[in-house]
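Residue numbers start at 1 and run along the sequence shown. On a predicted model such as this, the values are computed, not experimentally measured, just so you know.
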Amino acid sequence: MPHFTFNRPWPRLFNRRWFRWGVFGLFMSIFISRMIATGGDLLAIGGVFVNMCVVTSLIAIPLGIATRPRAWCSVCPMGTLQESLGKLGQRHARAKRKTS
């Protein structure tokens, strides 16, 4: 990606917490509704995962070309969740050290 990008800054909107959680909520609601619609069929469940990977790639590639290579990473639903869980874990560890 670095060879094909315009290397422009990504929109400030991507750094907004409400936007990132909105993207997370949208992706998770689509994911959950599609998983329920599979009815437990393993092939259909696999299709849901493949489709989610294809959709995120179809968003990430043009976004990376138009802005910076890792622009999608700033709003990625999994990155948003991991960042929040990491901060929660750090707070928990600090609180535990203070009580010890």
Side-chain angles (χ1 to χ4, degrees):
M1 243 6 215
H3 304 291
F4 304 107
T5 185
F6 290 116
N7 231 2
R8 297 180 188 141
W10 55 68
R12 285 189 227 169
L13 178 67
F14 288 6
N15 295 331
R16 305 273 191 257
R17 181 175 289 193
W18 63 266
F19 181 76
R20 294 176 66 195
W21 281 105
V23 171
F24 177 82
L26 175 68
F27 269 77
M28 288 302 110
S29 62
I30 291 170
F31 176 76
I32 291 168
S33 65
R34 296 211 46 221
M35 288 297 278
I36 292 169
T38 65
D41 179 23
L42 292 179
L43 191 58
I45 290 171
V48 171
F49 282 98
V50 169
N51 284 336
M52 293 297 277
C53 288
V54 168
V55 168
T56 57
S57 295
L58 289 175
I59 294 170
I61 292 169
L63 191 60
I65 292 171
T67 59
R68 291 188 175 153
R70 306 232 8 211
W72 172 247
C73 297
S74 66
V75 291
C76 171
M78 295 316 299
T80 301
L81 183 62
Q82 288 175 342
E83 178 186 27
S84 296
L85 290 175
K87 287 179 180 177
L88 183 66
Q90 287 174 350
R91 273 190 261 148
H92 177 71
R94 271 183 271 166
K96 194 171 185 177
R97 275 182 272 170
K98 285 182 181 179
T99 60
S100 296

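- Applying the under-4.5 Å side-chain rule to Ile, Leu, Val, Met, Phe, Trp and Tyr, the cluster around Val50 extends to Val54, Leu58.
- The shortest non-hydrogen separation linking Pro62 to Ser57 is CD-O, 4.2 Å.
- For Asn51, the side-chain hydrogen bond (donor to acceptor under 3.5 Å, both in side chains) test picks out no residue, with sequence neighbours left out.
- The stretch residues 83-100 participates, sequence neighbours left out, in these salt bridge (Lys or Arg N to Asp or Glu O under 4.0 Å) pairs: Arg20-Glu83, Glu83-Lys87.
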Without placing hydrogens or testing angles, list every side-chain donor-acceptor pair under 3.5 Å for residues 63-70, not counting sequence neighbours.
| from | atom 1 | to | atom 2 | distance (Å) |
| --- | --- | --- | --- | --- |
| Thr67 | OG1 | Leu63 | O | 2.6 |

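- In this structure, CD1 in Ile59 is found 4.0 Å from CZ in Phe27, a value given to the nearest 0.5 Å.
- Residues passing the side-chain contact (heavy atoms from CB on, under 4.5 Å) test with Ala44, sequence neighbours excluded: Thr38, Asp41.
- Heavy atoms of other residues, nucleotides or ligands lying less than 6.0 angstrom from CG of Leu85 number more than 12.
- The side-chain contact (heavy atoms from CB on, under 4.5 Å) search around Phe49 returns Phe31, Met35, Ile45, not counting sequence neighbours.
- Under the side-chain contact (heavy atoms from CB on, under 4.5 Å) criterion, Ser84 pairs with Trp21, not counting sequence neighbours.
- Using a 4.5 Å cut-off between side-chain heavy atoms of Ile, Leu, Val, Met, Phe, Trp and Tyr, with links allowed through other members, Phe24 and Leu88 fall into different hydrophobic clusters.
- Residue Leu26 comes nearest to Ser29 through the heavy atom pair O-OG, 2.9 Å, listed as atom of the first residue, atom of the second, then distance.
- In this structure Ser74 satisfies the side-chain contact (heavy atoms from CB on, under 4.5 Å) test together with Trp10, Phe14, sequence neighbours excluded.
- Hydrophobic clustering of Ile, Leu, Val, Met, Phe, Trp and Tyr side chains at less than 4.5 Å, counting indirect connections, keeps Trp72 apart from Ile61.
- Taking hydrophobic clusters as Ile, Leu, Val, Met, Phe, Trp and Tyr residues chained together by side-chain heavy-atom distances below 4.5 Å, Val48 does not share a cluster with Leu43.
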